[in-house]
Amino acid sequence: MGQPTASSITVADHGSGVANANRLECVTTAAEERMHEWTMPDLAERMATRALATASRWFGIGVAAMPIVDIADRASLFVLLSSPQSLADEPLLVPFLQIGFFVAVGIGASATMRRHRRHVRPWFFAAAVVPLVAYVLNGGLGLSAGVAALALVFSYLQLRLAHDAPYEGPQRPPP
């Protein structure tokens, strides 16, 4: 919490350092004063912006999770976490470069989702999910498909929250 503002405190001190509780009218913080200045469209826009940011993050995770988990599994990187000495002879540069590529793809997908126009986001979401569905149909269900599906479902729900946010007037539509 912030510091109380000087204009909102009325305290009578009777020399003993004890404030008269009857004269203490209201102690508010600067944040509480600003909160009363917000209007409903401001709150709706803030909620929509947060929902869009969350949807974009989880969308990037969902896009990148499936190939990253599969690459890590094929390269036995999960075994490396449990017993590092067992993989001392295997080269790990190629799997780490592949993982780095898909991390960059996920970051790019997240940034693109956040910057797309409001009515285009569902189409971008669908266009990004189609290759993942094809990947699942080709490779079968596994841990990577479950992780990606959870992230994409959460992203879809947050995207719907951002899309359905109420606003007043055409001058400031939600993000």
Side-chain angles (χ1 to χ4, degrees), residues 31 34-35 38-84 86-175:
R34 281 195 316 269
M35 186 171 70
W38 292 338
T39 62
M40 281 306 287
D42 292 337
L43 293 173
E45 182 179 346
R46 187 173 178 208
M47 188 239 5
T49 302
R50 284 185 177 179
L52 179 60
T54 303
S56 297
R57 276 188 229 114
W58 282 103
F59 179 72
I61 291 169
V63 166
M66 193 177 309
I68 287 174
V69 172
D70 280 345
I71 290 168
D73 188 32
R74 275 183 293 177
S76 302
L77 295 180
F78 297 125
V79 174
L80 179 65
L81 293 174
S82 63
S83 58
S86 66
L87 291 175
D89 298 332
E90 294 188 32
L92 298 175
L93 181 63
V94 173
F96 281 120
L97 289 175
Q98 291 173 337
I99 287 172
F101 171 75
F102 284 108
V103 166
V105 167
I107 291 170
S110 174
T112 304
M113 174 68 80
R114 190 175 296 134
R115 286 171 179 81
H116 259 307
R117 291 184 309 271
R118 182 177 187 216
H119 65 280
V120 178
R121 287 185 195 124
W123 292 104
F124 179 68
F125 186 90
V129 170
V130 167
L132 296 176
V133 170
Y135 190 82
V136 167
L137 293 175
N138 185 32
L141 285 173
L143 175 66
S144 62
V147 170
L150 285 174
L152 289 172
V153 165
F154 188 67
S155 172
Y156 176 76
L157 294 174
Q158 291 293 316
L159 189 61
R160 292 304 308 164
L161 280 175
H163 184 72
D164 295 340
Y167 68 97
E168 292 180 13
Q171 70 276 8
R172 288 184 8 194

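Keep in mind the model is a prediction, meaning the values are calculated, not measured. Count residues from 1 along the sequence.
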- [ ] First locate atom CZ of Arg57, then atom CE of Met113, and finally report the distance between them rounded to the nearest 0.5 Å.
- [x] 13.5 Å
Task: Verdict with reasoning, Thr54 to Phe154, per side-chain contact (heavy atoms from CB on, under 4.5 Å) - done: CA-CA 9 Å; Thr54 303; Phe154 188 67; 3.6 Å; yes
TODO: Hey, can you tell me if Phe124 and Phe59 have their rings parallel, tilted or perpendicular (30° and 60° cut-offs)?
DONE: tilted
Open item on the list: Testing Leu159, Val129, Ile61 one by one against Leu152 for a side-chain contact (heavy atoms from CB on, under 4.5 Å), which residue passes?
Closed with: Val129
Open item on the list: To the nearest 0.5 Å, what is the distance between CG on Leu161 and CZ on Arg50?
Closed with: 13.0 Å
- [ ] Give the minimum heavy-atom separation between Tyr135 and Pro67, together with the two atoms involved.
- [x] OH-CA, 4.3 Å
Open item on the list: How close do Ala128 and Pro131 get, counting heavy atoms only, and between which atoms?
Closed with: O-CD, 3.4 Å
Task: Nearest non-hydrogen partners of Val69 and Leu143, listed with the distance - done: CG1-CD2, 4.2 Å
TODO: Might you point out which heavy atoms bring Gly106 and Ala64 nearest each other, and give the distance in Å?
DONE: CA-CB, 3.9 Å
Open item on the list: Using the side-chain contact (heavy atoms from CB on, under 4.5 Å) definition, which of the options Val147, Ile71, Val136 pairs with Met66?
Closed with: Val136
Open item on the list: Working to the nearest 0.5 angstrom, can you tell me the gap between Ser155 OG and Arg160 CZ?
Closed with: 12.0 Å
- [ ] Over all heavy atoms of both residues, which pair between Ala65 and Ser144 is shortest? Give the atoms and the distance, please.
- [x] O-CB, 4.5 Å
- [ ] Any chance you could measure Ile99, atom CD1, to Asp70, atom CG, to the nearest 0.5 Å?
- [x] 10.5 Å
- [ ] Give a yes or no answer on whether the side chain of Ser56 reaches the backbone of Ala111 with a donor-acceptor pair at less than 3.5 Å.
- [x] no
Task: Smallest separation among heavy atoms of Ala55 and Gln158, with atom names - done: CB-CB, 3.6 Å
Open item on the list: Using modelled atom types and a 3.5 Å cut-off, is there a donor and acceptor pairing between side-chain atoms of Thr49 and backbone atoms of Glu45?
Closed with: yes
